[in-house]
Asker: 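Okay, here's the structure, questions in a sec.
These values consider heavy atoms only, across backbone and side chains, with no hydrogens, waters or symmetry-generated copies. Sequence positions, counted from 1, serve as the residue numbers for this chain.
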Amino acid sequence: MINRFLICIKINVSGIPVVCKMSGTSIKFRWGLSASEPEQTPVLFVGQPAHLSALSWQDIRCKLEPRVTEEVWRRGLSVTSPGDVSELWPKGAALGLLPPRRSRHTAPSRNHALSKIVKSALRSTAEEYIVLVCRKRDVLASAVAIARSIPLYSARSGPAPLNASTAPTPPANSAVIVEIFIVNNEGDSDDEALNEPALTDGTLSNDELSTIQDIADSVRLAAKITDTPANIMDVDAFIEEACKVAKNLDIAEPTVIRGEQLAERGMGGIYGVGKASTKPPALVSLSYMAPGATETVAWVGKGIVYDTGGLSIKARTSMVGMKGDCGGAAAVLGAFSAMVRAKPTINVHAVLCIAENSVGPNATRPDDIHQLYSGRTVEINNTDAEGRLVLSDGVVYARRDLKADTIVDVATLTGAQGTATGKYHAAIISNKAPLESACVAAGFRSGDLAHALPFAPELHFTEFCSHVADMKNSVADRNNAQPSCAGLFILAHLGFDFPGNWLHVDMAAPAHCGERATGYGVSLLTVLFGKHTNSRLLKALSPLR
C-alpha cells in the first residue's frame, strides 16, 4: 500500500553577479502532486526501485502525460540500473534509481546516492521538478540531500560575449520543485525505534513540514559559509553571519570576545592562532535559554576562516581548499538556528571559535608556549595543529561560563580523519558510551554518517608529552590514532574527570564533496538532540531516550 501524501519543496536559486553576492532562496512545502508538462518543465523521478515500482500510473500520470506513456515508464524502471539516470523524454523527463541494497554502515535513505543523482540530472532551467519517493523515516535525510545538491554560493558572472563592453547580466532566478511521495515502511531498516507512530502514520503535520524546511535552510547556510572564500568570509563576515542568525531568531545579540580581550581573558588558544591576521580572532557565543530548563547543551565549532598552517606552512597543494576549515563553526551555527526554531526545552549555546591562521610578524612560532583558558600550558610544536587550540578554549568557556552539562565540539580537525573513517563518515569519540552510540544512530537517521574511534586516554594522551609545558599541541607519533589523539587534547582541557557528557566530531572529510561544502553536521546535531525540542519529527528521529 502507498500512502498518497506528498510534500512539495520549492528551492529558488538566484544567479550570482560578479561582485560575489550570495543568492537568495526559499523552501516551501505543500501537499499534493501538481500537474506539469515535461516539455515545458523537466521532471526527475528518483527513489528506490521497489518504491518506484509500487507507484500506480494514476499516481504519476499528471507529471508525465502526454509525453510519456505508462509503457515507457514501466520500461524505464526495467532498464535503468541502480545509481543511474535514464531519460523517459529527451530533456524533459528522467528516472533515477537509488541502490536497492545497503551495507550496515550506510544510511537507509541512500542520501549520498540521492545527492549524486540530483546533481547529475538537474537541467538548470527556469523551473524543474524532482519527484522523490521515500518512506517517512527517510524524509528529513532525503530532503537535506537534495537541498545540499543545490549550493547557495557562486561567484559566476553569467554568460556574456568575450568582447562584451558592459558587465554581464546575472542569470534569472530558477526554481527546483521537489514533490515527495511517502510510501509505506517496508524496507531494510532494522531500527525498531523508527517504527513508532510518528514515523509510520503516513502524514506530515505543519510542525514537521517546518522542521524539514528549517533544517534544509540551515544546511545550505552552513555550506554557503564554508564555500565562501576568505577574502569575503573573513572573521568580520563570519561574526556578521552569527549576528544575522540571532536577529532572525529574535534572541539576544551574540557575546563577542575579540582580539586583545581574548588575551586578557586568558584564552591563549584562540588568541595565539589568530593574532597574526589583520582581522582579530574572536569567540562568539549565541544562546537560547529555555523557560524552566534544568539542562544545558553547548555546541563548539572550529571556525578557521583560512588555514595557511601558520609558520608550519602547508604545501602549495595542501593549502588549496582551506577556506573550508570553518566548516565546524558553520555547522554549529546552522544547527543552532534549526534547533531554536524547533523550540528546545533545554538551554542551547553555539560557541564559535573564529580565527585566521596566518603567516606574519606576530605569528605563533614553533617552541612558543601559550596558556589556554583552562590554565594549562601548551608547547607549540606544530602551528598547523591549530584547531584543537581554539576548540580547547571554546569547550572550557562552555563549561566555565555557560555551565554546560553536555558539550559537543565539531571541527574539520585532522587530515587523518579521512584515512581513519573515510569521506562520508565523521570520526567521533566521547567520554560516555551512550552518547557515542546515540551519535552513530543519529548519523544513520539524519544522513550525516558517524563512526566511533577508540577512546583510550591512557594509551594515546602520552603522545603530547612536553618537557617544558603541560603538553605539546601535536603528536609525537603520527601513526598512533591521530584523530583520537586530537580529540583527547581537547578533552584534556575540560579534564579527563569531566563529569558531564562530551562528544568530539571530526568531520574534515565529509564536510566537502569534491570542491563543494556539504553543510555536514547540521542534520546530525538537530537529530541527535531532537528529543529536547517540541518538534514531533525530531523527537521521533532522535536516538536519545
Side-chain angles (χ1 to χ4, degrees), residues 266-274 283 298 300-304 307 309-310 312 325 328-329 351 353 355 357 364 366-400 407-417 419-421 426-431 436 452-498 500-508:
M267 297 182 183
I270 302 175
Y271 179 75
V273 169
L283 182 145
V300 182
K302 173 188 173 183
I304 303 299
D307 182 18
S312 305
D325 213 15
V351 180
C353 305
N357 190 18
T364 289
D367 295 336
D368 283 359
I369 294 177
H370 293 313
Q371 186 171 47
L372 274 55
Y373 196 39
S374 63
R376 307 197 73 185
T377 55
V378 178
E379 178 188 1
I380 306 300
N381 61 333
N382 181 3
T383 64
D384 196 21
E386 84 296 332
R388 64 201 65 181
L389 296 170
V390 302
L391 288 172
S392 294
D393 279 350
V395 298
V396 174
Y397 178 85
R399 177 59 175 171
R400 182 180 300 169
I407 299 172
V408 182
D409 67 79
V410 186
T412 52
L413 201 62
T414 65
Q417 177 273 306
T419 302
T421 58
I428 65 167
I429 58 173
S430 176
N431 66 337
E436 177 186 280
L453 295 173
F455 177 76
E458 63 270 36
L459 300 180
H460 295 143
F461 191 68
T462 54
E463 292 294 338
F464 297 109
C465 180
S466 169
H467 294 286
V468 294
D470 292 325
M471 66 190 77
K472 292 182 179 179
N473 75 315
S474 189
V475 294
D477 184 353
R478 298 178 68 84
N479 292 318
N480 188 18
Q482 274 195 76
S484 289
C485 291
L488 292 176
F489 179 96
I490 298 166
L491 178 59
H493 291 271
L494 278 175
F496 291 119
D497 57 351
F498 173 55
N501 301 304
W502 168 78
L503 174 69
H504 169 70
V505 181
D506 188 345
M507 33 79 87

Asker: Any donor and acceptor pair, going by atom type alone, linking the side chain of Thr364 with main-chain N or O of Gly272 inside 3.5 Å?
Answerer: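 Yes; judged by distance alone, with no hydrogens or angles, the pair exists.
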Asker: Could you check whether any side-chain heavy atom of Gln482 comes within less than 4.5 Å of a side-chain heavy atom of Glu463, counting everything from C-beta outward?
Answerer: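 With C-beta onward as the side chain, the pair stays apart.
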Asker: Which word best sums up how the rings of Trp502 and His504 line up, parallel for under 30°, tilted for 30 to 60°, or perpendicular for over 60°?
Answerer: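 It falls in the parallel class, under 30°.
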Asker: State, with a plain yes or no, whether a side-chain heavy atom of Phe496 is found less than 4.5 Å away from one of Leu488.
Answerer: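 They are in side-chain contact.
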Asker: Over all heavy atoms of both residues, which pair between Val390 and Gly269 is shortest? Give the atoms and the distance, please.
Answerer: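 Scanning both residues, the minimum pair turns out to be CG1-O, 4.1 Å.
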Asker: Looking only at atom types and distance, does a side-chain atom of Arg400 sit under 3.5 Å from a main-chain N or O of Tyr373, one as donor and one as acceptor?
Answerer: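 Present.
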Asker: Apply side-chain contact (heavy atoms from CB on, under 4.5 Å) to Tyr271 and His370, showing your working.
Answerer: CA-CA 9 Å; Tyr271 179 75; His370 293 313; over 6 Å; no
Asker: Are the side chain of Ser484 and the backbone of Leu453 linked by a donor-acceptor contact shorter than 3.5 Å?
Answerer: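 No; zero donor-acceptor contacts below 3.5 Å.
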Asker: Rounded to the nearest 0.5 Å, what separates atom NZ in Lys472 from atom CG in Asp367?
Answerer: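 The CG atom of Asp367 is 8.5 Å from NZ of Lys472, to the nearest 0.5 Å.
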Asker: If you look at every heavy atom in Ile407 and Leu494, which pair is closest and at what distance?
Answerer: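 Nearest heavy atoms, Ile407 then Leu494: CD1-CD2, 3.9 Å.
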Asker: Restricting to non-hydrogen atoms, name the atom on Ala426 and the atom on Gln417 that form the minimum distance, rounded to 0.1 Å.
Answerer: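 Looks like CA-NE2, 4.2 Å.
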Asker: Between Asn381 and Ser474, what is the shortest heavy-atom contact and its length?
Answerer: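 Closest approach of Asn381 to Ser474, heavy atoms only: OD1-N, 3.0 Å.
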Asker: If we count only N and O atoms by modelled type, under 3.5 Å, do the side chains of Asp325 and Thr412 hold a donor and an acceptor together?
Answerer: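 There is such a pair between these side chains.
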Asker: Run the side-chain contact (heavy atoms from CB on, under 4.5 Å) test on Arg388 and His493 for me, step by step, so that the C-alpha distance in whole Å, both residues' side-chain angles and the decisive distance to 0.1 Å come before the verdict.
Answerer: CA-CA 10 Å; Arg388 64 201 65 181; His493 291 271; over 6 Å; no
Asker: Please determine whether side-chain contact (heavy atoms from CB on, under 4.5 Å) holds for the pair Thr383 and Asp368, giving the CA-CA distance in whole Å, both sets of side-chain angles, and the decisive distance to 0.1 Å.
Answerer: CA-CA 10 Å; Thr383 64; Asp368 283 359; over 6 Å; no
Asker: Would you call His460 and Pro454 a side-chain contact if the rule is heavy atoms closer than 4.5 Å?
Answerer: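 Yes, their side chains come closer than 4.5 Å.
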Asker: Which is it for Leu389 and Val378 under the side-chain contact (heavy atoms from CB on, under 4.5 Å) test, yes or no, and what are the steps along the way?
Answerer: CA-CA 9 Å; Leu389 296 170; Val378 178; 4.0 Å; yes
Asker: Provide the closest heavy-atom pair for Val300 versus Cys353 in the form atom of the first, atom of the second, distance.
Answerer: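 In this case the closest contact between Val300 and Cys353 is CG1-SG, 3.9 Å.
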Asker: Locate the shortest heavy-atom distance separating Phe455 from Asn431; write the atom from each residue and the value.
Answerer: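 The answer is CZ-CA, 3.9 Å.
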Asker: With a 4.5 Å limit on heavy-atom distance, are the side chains of Ser312 and Pro366 in contact?
Answerer: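 The answer is yes, as the side chains (C-beta and beyond) meet within the 4.5 Å cut-off.
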Asker: Could you check whether atom CZ of Arg478 has more than 12 heavy atoms from other residues, nucleotides or ligands sitting under 6.0 Å from it?
Answerer: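 Count not over threshold, so no.
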Asker: I'd like to know if the side chain of Asp506 and the backbone of Leu413 have a donor-acceptor N/O pair within less than 3.5 Å.
Answerer: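 Yes, the answer is positive, given that a donor and an acceptor are paired below the 3.5 Å cut-off.
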Asker: Tell me whether Asp393 contacts the main-chain N or O of Leu372 through its side chain, where contact means a donor paired with an acceptor under 3.5 Å.
Answerer: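 Flag not set: sc Asp393 to bb Leu372 has no pair under 3.5 Å.
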Asker: To the nearest 0.5 angstrom, please state how far the OG atom of Ser466 sits from the CG atom of Asn473.
Answerer: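 Answer rounded to 0.5 Å: 10.0 Å.
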